[in-house]
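Quick notes on the structure that follows.
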Amino acid sequence: MAKIFQVSARAGMTRVVEPVARGLLRAGVTPNAVTVTGTVGVLVGALGLGARGHLVAGALIVTVFALTDLLDGTMARMSGGSTRFGAFLDSSMDRIADSAVFGAVAYWLATQGDHAGVAAALVCLAAGGLVSYVKARAEGLGMTANVGVAERTERLLIVGVGGLLTGLGVDPALQIALWLLAAVSIFTVGQRMVHVHRQAQKLPAAGGNG
């Protein structure tokens with residue numbers, strides 16, 4: 001059910017994003033420029049606002065700029081496909097943005113004395129990195145790991161909604177969102193490892209322990 005929801009939501013977003021992508025390409029904007037702009041926007045929302053306790057504004061800005069992850073991919077597809085550097089840049093900027101978001105959340109919760117919330121934010125940061133690493137490592141070994149209930153956009157939307165609700169006065173919303181996100185992120189790591197294990201059983205052995 002979660003995967004069906006994700007596919008339907010992404011299909012709906014694509015219908016909105018495609019006209020914007022075409023307009024930007026006609027204006028001479030590159031997918032890489034959108035990638036960097038989106039990351040800068042997330043950094044401003046997370047570090048400039050969220051870490052200082054401006055949760056509503058921070059969550060809204062992070063959510064809006066996080067959606068550029070769909071926009072730059074659409075632009076790359078329309079312009080003939082992503083380049084190797086474009087794919088590298090996109091992944092690198094994603095890691096920077098994710099670290100800023102969860103680092104900012106952990107910092108703000110620490111200033112509030114919410115040690116359980118800080119722990120949840122750190123678990124989300126570590127598990128989110130693992131979700132991406134497992135996929136990248138699998139692809140580097142010639143396999144795929146395109147499964148899981150908590151991909152990057154979903155993770156940022158969950159923490160964004162939690163921050164927005166907390167900023168509006170629903171105090172436990174951010175903590176609930178973080179623990180939910182921690183759980184689904186760990187579950188996604190498990191899903192991907194199982195998926196890769198099944199593929200590996202059908203392939204020759206490969207060296208390397210790193």
Side-chain angles (χ1 to χ4, degrees), residues 1-14 31 35 38-39 42 62-63 66-74 76-77 81-103 105-106 116-162 175-210:
M1 180 62 73
K3 199 66 178 179
I4 293 174
F5 173 77
Q6 290 176 13
V7 171
S8 299
R10 285 177 181 270
M13 285 300 301
T14 297
T35 298
T39 301
V42 171
V62 166
T63 300
L67 292 175
T68 60
D69 203 38
L70 299 176
L71 181 58
D72 59 8
T74 302
R77 176 174 53 80
S82 176
T83 63
R84 290 181 183 274
F85 177 73
F88 167 79
L89 179 67
D90 185 60
S91 295
S92 300
M93 293 295 102
D94 285 353
R95 302 293 77 73
I96 291 171
D98 292 355
S99 297
V101 168
F102 291 104
V105 169
V118 172
L122 294 177
V123 171
C124 288
L125 179 59
L130 278 174
V131 168
S132 300
Y133 174 79
V134 169
K135 179 179 179 179
R137 183 62 173 152
E139 291 174 346
L141 293 171
M143 295 175 283
T144 63
N146 296 318
V147 297
V149 296
E151 298 186 8
R152 180 175 183 265
T153 302
E154 287 77 17
R155 295 198 303 272
L156 290 182
L157 287 176
I158 289 172
V159 73
V161 170
Q175 290 84 343
I176 292 172
L178 288 171
W179 283 115
L180 172 63
L181 182 54
V184 297
S185 295
I186 293 170
F187 183 72
T188 296
V189 171
Q191 281 184 297
R192 291 187 169 183
M193 292 185 74
V194 169
H195 184 71
V196 172
H197 179 264
R198 289 172 179 167
Q199 294 172 76
Q201 299 305 300
K202 304 174 184 178
L203 297 173
N209 297 318

Mark yes or no for whether R95, through its side chain, and G129, through its backbone, hold a donor-acceptor pair below 3.5 Å. no

What is the minimum heavy-atom distance between R155 and G128, and which atoms define it? NH2-O, 3.7 Å

Taking it one step at a time, do T68 and T39 satisfy side-chain contact (heavy atoms from CB on, under 4.5 Å)? CA-CA 9 Å; T68 60; T39 301; over 6 Å; no

Can you give me the closest heavy-atom contact between Q175 and G117, atom names plus distance? CG-CA, 4.4 Å

Got a second to check how far H197's NE2 is from M143's CE, nearest 0.5 Å? 10.5 Å

Can you tell me how far apart OG1 (T35) and CG (L71) are? Round to the nearest 0.5 Å. 8.5 Å

Shortest non-hydrogen pair, R192 vs V134, comes out as CB-CG1, 3.6 Å

I need the L178 CG to L125 CG distance, nearest 0.5 Å. 11.0 Å

When rounded to the nearest 0.5 Å, the distance separating NE2 of H195 from OG1 of T144 is 3.5 Å

Closest heavy-atom pair, G86 versus T83, reported as atoms and distance to 0.1 Å, is N-OG1, 2.9 Å

CE of M93 to CZ of F88: how many Å apart, nearest 0.5 Å? 8.0 Å

Here the pair of heavy atoms bringing A116 nearest to W179 is O-CZ2, 3.4 Å

Identify the two heavy atoms, one from A177 and one from G162, that lie closest to each other, and give their separation to 0.1 Å. CB-CA, 3.8 Å

Walk me through it: do V131 and R152 pass the test side-chain contact (heavy atoms from CB on, under 4.5 Å)? CA-CA 9 Å; V131 168; R152 180 175 183 265; over 6 Å; no

With Q191, which of V149, V184, I186 fulfils side chain to side chain contact (heavy atoms under 4.5 Å, CB included)? V149

Any chance you could lay out the side-chain contact (heavy atoms from CB on, under 4.5 Å) test for V189 and Y133, step after step, and finish with the verdict? CA-CA 9 Å; V189 171; Y133 174 79; over 6 Å; no

In sequence, state the C-alpha distance, the side-chain angles, and the governing distance for T63 and L156, and then conclude on side-chain contact (heavy atoms from CB on, under 4.5 Å). CA-CA 7 Å; T63 300; L156 290 182; over 6 Å; no

From L180 CG over to I158 CD1, what is the distance, rounded to the nearest 0.5 angstrom? 5.0 Å

